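A quick write-up on the structure given underneath.
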Amino acid sequence: MDLNLTESELQFRGELRAWLKESLPKEPIVSMGRSDADYWNKLRDWQNSLYEGGWAGITWPKEFGGRGTTPIEAAIFIEEMAAFDAPERVGVIGEGLVGPTIMAEGNDEQKEYFLPKILDGSHIWCQGFSEPNSGSDVASLATKAVREGDDFVVNGQKIWTSFAAVSDWCLLLVRTDKDAPKHKGISALLVDMKSEGVSVRPLKQMSGDSAFNEMFFTNVKVPAKNLIGALNDGWRITITMLMNERTNLGPATYIQFKKALAELIETMKHKSSGGKRLIDDPINRQKIAQIQMELEIFKLTSNRALSKITNNAVPGPEGSILKIFWSELNQRLVQAAMEILGDEAQLQEFENGAWAYRYLRSRGNTVEAGTSEIQRNIVAMRVLGLPRSY
Amino acid sequence: MNFDLNKTQQLLQESAQTFFTRECPITKVREIMESENGHDSALWNGIAEQGWTGLTLPEEFDGLGLSYVDLAAVSEEMGRACAPSAFLATSWASALIAASGNADLKSKLLPDLALGESIATVALQEDGSNWDSFSIQMKAESADSGVTLTGTKRLVMDAAVANAILVVARKGDDLIVAVVDPSAEGLEITPTEGMDLTRRFYQLVFSNVAGEILASGEAAENALKQSIQTGIIIACADLLGGMDWVLKTTVEYAQSRQQFGKPIGSYQAVQHQCADMLLLSESSRSAAYYAAWALNEGDDEANQAINIAKAYCSEAARVIGNCGIQIHGGIGFTWEHDLHIYYKRAKSNELIFGDPTHHREKLAQLMVAE
């Protein structure tokens, strides 16, 4: 057991820090709303400069234009990006989910065409999985694709799709055999979002912003060559992608939560209640210490999971609890902050509405990317070996 | 970065697991629980023969000179077996002597302790003290060859079988640690039974008892702090082993116990409790082993890591115990089932060396100082 970074990990971090100091956009890229074209163009430029610098798709093998980094280096990358307040990466779904799927399942033509465009920012991707009636039970999806000549004709609706409004391409799950058992009639298509019959409607969330969308497909023609993997083998591909989704959401959150907690502590040092600084109240101190504890443990368990994957090439039990851990931790963090900060924290004018936003946004954490209930089912069945409940 | 135990650490842990499975099955644990002093010489000698009593002590004093991670690996197995022994008391005392800077007493006392030929304990807690050295009030007066001690100490582990007692007291404004012979005149040792029968506590009443000074002033403060940190590593690892046992036992029960025609483990209300138990035990594992590693490295974050590990593991073990009993239902509430042995041990581990509230406040102090 040695938790120090190795020579090569330190060197990796050093190179990255040096590059970030040089190459970060001089001014922060600020969104004027999700439909702000200038914002998205700047983010594409940022993706492109990551690519130029050799920092796009770093986990990808070198033959596909990546860096072939270890899982630990990949986590260092995500952490440093967050620590430097680097702009959002629009390529994140392409790099983290779609790219690896194309590498594993795609044919040579697909690899050659799509992979470089993911890296350089020319293709933003989204994933069309959930539907209004298929949430946790994704395999019950109803969007159908029927083969007609050289095309699949797609009809149906998807929902909760991140980036859909600005995406160029979508990895879409469709039902291609309605008579087969639900897991055996699903296929995965690569769909050009500019195709006729695709429409996107942003969903306004309870937090006021719109990170998710609805997508409607009406007689959309998808060339048959854009089928990825074998026909009706889409469920297996989906499982792999969902696992990647859950692990990918983790590392940056540590830095985000840590910054939020640091802001809270700063405020507690200056703000008083009943003639006493918030930081001097023993109950408040218990609350922030509890959050700090859980935050550090989240980071440690993430590192353990990375270490396990690096050593054994397979994830250990610790990886399966991370999604539950960070999503619920964030909810406890914002709850503690609201309790400590008092009635002002609900106001938009208080710290630019940051706490009100975080408080509301956190409710989505235990729902998105697999609800806490689904995560617990998975832990019970796959890790602990308890019998299936459904 | 590598979070896994290395090969030799894995071997050490495997050998500890084999040892306790063989030498200290739960029938043996129950036998020792019912004995007068909660001590079994054969088991103690076995532990000593393995070298574990001197695991982290320097080789010059017949110790093995291993790391706190190794100590955690062995302690986890003691926790898994719920092995009753004076290991925690003696390790705490040995660490206190080793950190004292008193060369004479180190060479006089440590080799016997390292080899397990001697048992020692620390008398710290008093009525009104809170694991912080400033709260220690017991009086020490200067005497010819050291000090005389007067006052009452509580919750002293394994005093009835100890060959040496390290008493923390105050001489003027200075904190001191004095070595006392348990058979010294004026010392009265009375058992005070706790919940956990695998770990025995005693009340010690001192009336002008002679002691030899081990450390005083800042040296005593530092040595006490360091030794408590060693104790916390052991307690946290002990909790880890116990948590693992409770989780494993509960999952097995949920797989086999049938109600309404199905294993209760097929119901999500039960499954989700089991999933939470895993979340808590794995999170505890991260915290406990990191604390051991950081303490060994002399890492800047060691103090914080120790506070986090102690607060988190303590609460996690309690919740895991609660779930274990709940999922077992009626049988989990009986004396016959072994769950209560682990449950009570977890409680005593939770309370010793500062409870979660204590460690959260310590952590808050570090956070605010940053």
Side-chain angles (χ1 to χ4, degrees), chain A residues 1-6 9 72 75-76 261-262 265 268-269 279-280 282 284-290 292-294 296-308 310-312 316-321 324-325 328 372-373 375-381 383-390, chain B residues 1-6 9 67 69 73 247-248 251 254-255 262-268 270-287 289-290 292-294 296-297 299 301 304-305 307-309 311-312 315 356-357 359-368 370:
Chain A
M1 186 174 168
D2 184 358
L3 302 181
N4 290 311
L5 295 183
T6 62
E9 287 160 358
I72 293 167
I76 293 172
L261 180 61
I265 293 171
M268 288 170 72
K269 286 178 180 170
I279 198 77
D280 296 327
N284 288 346
R285 294 163 73 87
Q286 288 286 312
K287 286 176 183 169
I288 57 166
Q290 179 69 28
Q292 170 85 345
M293 259 165 65
E294 295 182 22
E296 291 306 316
I297 289 173
F298 168 55
K299 157 97 168 155
L300 292 168
T301 307
S302 301
N303 286 345
R304 263 181 72 211
L306 291 168
S307 183
K308 193 63 75 65
T310 309
N311 291 343
N312 305 350
E318 59 286 318
S320 64
I321 60 173
I324 307 174
F325 199 102
E328 297 182 354
S372 288
E373 288 70 27
Q375 301 292 349
R376 286 185 167 86
N377 292 343
I378 292 173
V379 170
M381 290 188 283
V383 183
L384 296 175
L386 289 167
R388 287 195 73 91
S389 63
Y390 53 89
Chain B
M1 183 185 71
N2 185 359
F3 221 119
D4 284 352
L5 294 180
N6 65 31
Q9 287 163 345
S67 74
V69 175
L247 174 59
K248 186 167 167 282
V251 167
Q255 283 165 330
K262 284 199 271 181
I264 60 169
S266 66
Y267 301 119
Q268 291 188 358
V270 171
Q271 292 192 342
H272 289 191
Q273 287 192 59
C274 291
D276 284 334
M277 291 165 82
L278 180 80
L279 182 147
L280 291 164
S281 67
E282 289 297 327
S283 303
S284 298
R285 179 168 299 281
S286 304
Y289 276 95
Y290 173 62
W293 180 82
N296 216 70
E297 292 286 300
D299 198 88
E301 288 180 19
Q304 163 169 310
N307 295 140
I308 289 175
Y312 194 90
E315 291 196 331
T357 307
H359 284 283
R360 275 191 296 263
E361 172 53 30
K362 293 275 165 204
L363 179 57
Q365 287 168 16
L366 295 171
M367 290 165 71
V368 171
E370 269 170 15

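In what follows, every chain begins at residue 1, and chains take the letters A, B, ... in the order their sequences are listed. Please read these numbers as outputs of a predicted model, since none were measured by experiment.
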* Quick one: sort the B/Tyr312 and A/Phe325 rings into parallel, tilted or perpendicular, breaks at 30° and 60°. =>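 Geometry flag for A/Phe325 against B/Tyr312: tilted rings.
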* **side-chain contact (heavy atoms from CB on, under 4.5 Å) involving B/Asp276 - partner list, sequence neighbours excluded** =>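 Partners of B/Asp276 under the side-chain contact (heavy atoms from CB on, under 4.5 Å) test: A/Arg376.
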* Partners of B/Lys262 by side-chain contact (heavy atoms from CB on, under 4.5 Å), sequence neighbours excluded? ->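 B/Lys262 satisfies side-chain contact (heavy atoms from CB on, under 4.5 Å) with B/Ser266, B/Tyr267 once adjacent residues are dropped.
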What residue, out of [options], has the most heavy-atom pairs lying under 4.5 Å from chain A?
| options | answer |
| --- | --- |
| B/Tyr290, B/Trp293, B/Tyr289 | B/Trp293 |
| B/His359, B/Arg285, B/Glu297, B/Met277 | B/Arg285 |
| B/Asn296, B/Asp299, B/Val251 | B/Val251 |
| B/Ala294, B/Ser67, B/Ala275 | B/Ala275 |
| B/Leu278, B/Val69, B/Leu5 | B/Leu278 |
| B/Cys274, B/Ser281, B/Ser283 | B/Ser283 |

Any side-chain heavy atom of [X] sitting closer than 4.5 Å to one from [Y]?
| X | Y | answer |
| --- | --- | --- |
| B/Leu280 | B/Glu315 | no |
| B/Asn6 | A/Asp2 | no |
| B/Val368 | A/Arg285 | yes |
| B/Arg360 | A/Gln292 | no |

* Asked: Between the main-chain N or O of A/Ile72 and the side-chain N or O of A/Glu9, is there a donor-acceptor pair closer than 3.5 Å?
  ->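 A pair under 3.5 Å: no.
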Heavy-atom distances under 4.5 Å only: say whether [X] touches chain B with side chain, backbone, both or neither.
| X | answer |
| --- | --- |
| A/Met381 | side chain |
| A/Arg388 | backbone |
| A/Leu3 | both |
| A/Asn311 | side chain |
| A/Glu296 | side chain |

At a heavy-atom distance under 4.5 Å, which candidate from [options] has the highest pair count against chain B?
| options | value |
| --- | --- |
| A/Val379, A/Leu5, A/Asn303 | A/Asn303 |
| A/Asn4, A/Thr6, A/Ile265 | A/Asn4 |
| A/Asn377, A/Ile279, A/Val383, A/Thr301 | A/Asn377 |
| A/Met268, A/Gln290, A/Lys308 | A/Gln290 |

* Under 4.5 Å from a heavy atom of chain A, the part of B/Glu361 involved ->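 Both backbone and side chain.
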* **Separation between CD of B/Gln271 and CG of A/Leu384, rounded to the nearest 0.5 Å** => 9.0 Å
* Is a side-chain donor-acceptor pair under 3.5 Å present for A/Tyr390 with B/Gln268? -> no
